[in-house]
Amino acid sequence: MFDSLDRLPPDPILGSMAAYRADADPAKVDLGVGVYRDERGETPILAAVKRAEASVLAHQTTKSYVSSIGNAQFNRALEELTLGVEHPALAGGQVRTIQAPGGCGALRLGAELIKAADARSVVHVSTPTWANHTALIGGSGLKLANYVYYDAARGGLNFEGMMAALGKLPSGSVVLLQACCHNPTGVDLTDAQWRALLPIFKRGALLPFIDMAYQGLGRGIAEDTFGIRLFAAELPEVLVAVSCSKNFGLYRERTGALHVIAASAGAADKALSQLARIARTIYSMPPDHGAAIVQEIMGNDALRTEWLGEVGVMRARMTGLRNEFVQQLSASCPQRDFACITRQFGMFSLLGINTAQVHAMRVAHHVYMTDDSRINIAGLRAGNLAYVARAVAQVLRERAQ
Ligand code: LMR
C-alpha cells in the first residue's frame, strides 16, 4: 500500500529548521522557524513557566482524562486574556472556549466548525499568509481564496486594496485575519484600520476568524487584542484561535484554544457541542500539561506579574533588534531602504529578496530563512547582526534581481 505513495517535499518552515540543524558550519544563523531566541541564541523556558510547572507537578494527583473541551479554568483564563475581564460578550454569556493542541489545532477546529455549519463557506486569507494556514484550513475541505494585504514595494499594508477586496466578498464569507505580528510580513492593522474595517464586516455579514499566535509580542498584551475586542463587541459572531506557544514559550506542549463568540448563549452552546464532537473524532482530548501551567500562572498574581515582565523583555528585545538590524543593513547596502522593518511588529519580516538569493544566503553564508525571504527577527543577536547584514549585501550584489 505505502509503496504507491508519492514522497513529499519537506514542510517549507520545518524543512528549513531541519536543514539548519544539519549544517555543521559554526557561523550558521537560523532565521527560519518562528521561535523566540535570547541573546545567547537559546529558547529558554520562561522563569514563570518553570515555577508554575514545579507547582503543577507537586500538586497534581491524577492523570485521569479531563475532557474533549479541556481544562475549564484554562479556557476561562484565556477568554479573559483575549477579551479582557469586562468584555460585553463575556458578560452576555456569548463566549465558549475549547482548549486545543496549539494554535494549529485551534485553527483546524475553527475550520471544521465552519464546515459543520456551512460546508460551502469560503475562507479568505491575506496575500501572503502563514504557509500552514492554507494546509490547516484547506485540510478541512473548505475552499480558500486570497485578499489583498501586503504592499511589497513599501513593506506596508495596502489598506485601500484590502478594504476594496473585502467590500466585494459575497455575504457570509469567512475572513481570516491576524490579530497582531502578522506572519509572514510583520505588517499589522492599526486601531484606526480595525475600526474602518468594521462596517465592511457588518455590511457583508462577514465572519472574522482571527488568528492570534503572538499576543504580547507586538505592541502589548491588551494592545494586541484591539481588533478582537472591537469585533467581538460589535459583531454577532467571531472565531478566535489563540496560541500559547510563543508568549508562554510552551511550543512543544501544544497549548492553545479556540474562542467562539456567538450571537446568543444558545448558539454558543450549540457551537461548543459541535467542537467537542470534532475534537473527539480527531484526537479525543487535548494534551494537559501546557494548559495546567498557563492556568497556574494566570491564577497566581506573582507568577502572572513575572510572566508579563518576561513577555515585555521578549517584545523589547525584538524591537531593539529590528532597529539595530536596519542600521546594519543601511551600512552594508545603502542602495536599498530596509526601514520598513522598524515599522513592522513581532517575529517576522520579509527581506524582499528572491528565492535564488535566499538559497545563496543558505549555501554561501549559512543563513537560513524560508523561501519567501521571511526572517525570524529573534534569530538575530549582537554576535550575528553585522554578519547577516553583510551576507545580504553580498547576495544582493552578486545576484542582482
Ligand atoms: C512559524 O511560522 O515559523 C511558526 O508559527 C512555527 C510553525 O509551526 O510554522
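Please read all numbers here as calculations on a predicted model, not as lab measurements. Basis for what follows: all heavy atoms, side chains included, without hydrogens, waters or symmetry-related copies. One-based numbering, in listed order, for ligands and for the atoms of each.
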Q: Kindly indicate whether a cation-pi arrangement holds for K28 with Y368, taking the cut-offs as under 6.0 Å to the six-membered ring centre and within 45° of the axis.
A: no
**Q.** Least distance between heavy atoms, E237 atom then A262 atom
**A.** CG-CA, 4.4 Å
(Q) Just to be sure I read this right, does ligand 1 sit under 4.0 Å from the backbone of M347, its side chain, both, or neither, counting only heavy atoms? (A) neither
Q) Looking at W130 and Q178, what are the two nearest heavy atoms and their distance? A) N-NE2, 4.2 Å
Q. So which bit of I13 gets within less than 4.0 Å of ligand 1, heavy atoms only: side chain, backbone, both or neither?
A. side chain
Q | N183 and ligand 1 - part of the residue with a heavy-atom distance under 4.0 Å | A | side chain
Q. Above 12 or not: heavy atoms from other molecules or residues under 6.0 Å from CD of Q73?
A. no
Q. Within a reach of under 6.0 Å around CG of D301, are more than 12 heavy atoms found that belong to other residues, nucleotides or ligands?
A. no
Q: List the closest protein heavy-atom neighbour of atom 5 (O) of ligand 1: residue, atom name, distance to the nearest 0.1 Å.
A: K246 NZ, 3.0 Å
Q.
Do the side chains of D38 and R317 get close enough for a salt bridge, i.e. N-O under 4.0 angstrom?
A. no
Q: Indicate, as side chain, backbone, both or neither, the part of Y251 found under 4.0 angstrom from ligand 1 when only non-hydrogen atoms are considered.
A: neither
Q: For ligand 1, indicate whether the residue M17 contacts it via side chain, backbone, both or neither (heavy-atom separation under 4.0 Å).
A: neither
Q: Could you list which atoms of ligand 1 come closer than 4.0 Å to a heavy atom of W130?
A: 1 (C), 2 (O), 5 (O), 7 (C), 8 (O), 9 (O)
Q. What are the atoms of ligand 1, with element, lying closer than 4.0 Å to any heavy atom of V33?
A. 3 (O), 6 (C)
Q) Any N or O of G34 that comes nearer than 3.5 Å to an N or O of ligand 1? A) yes
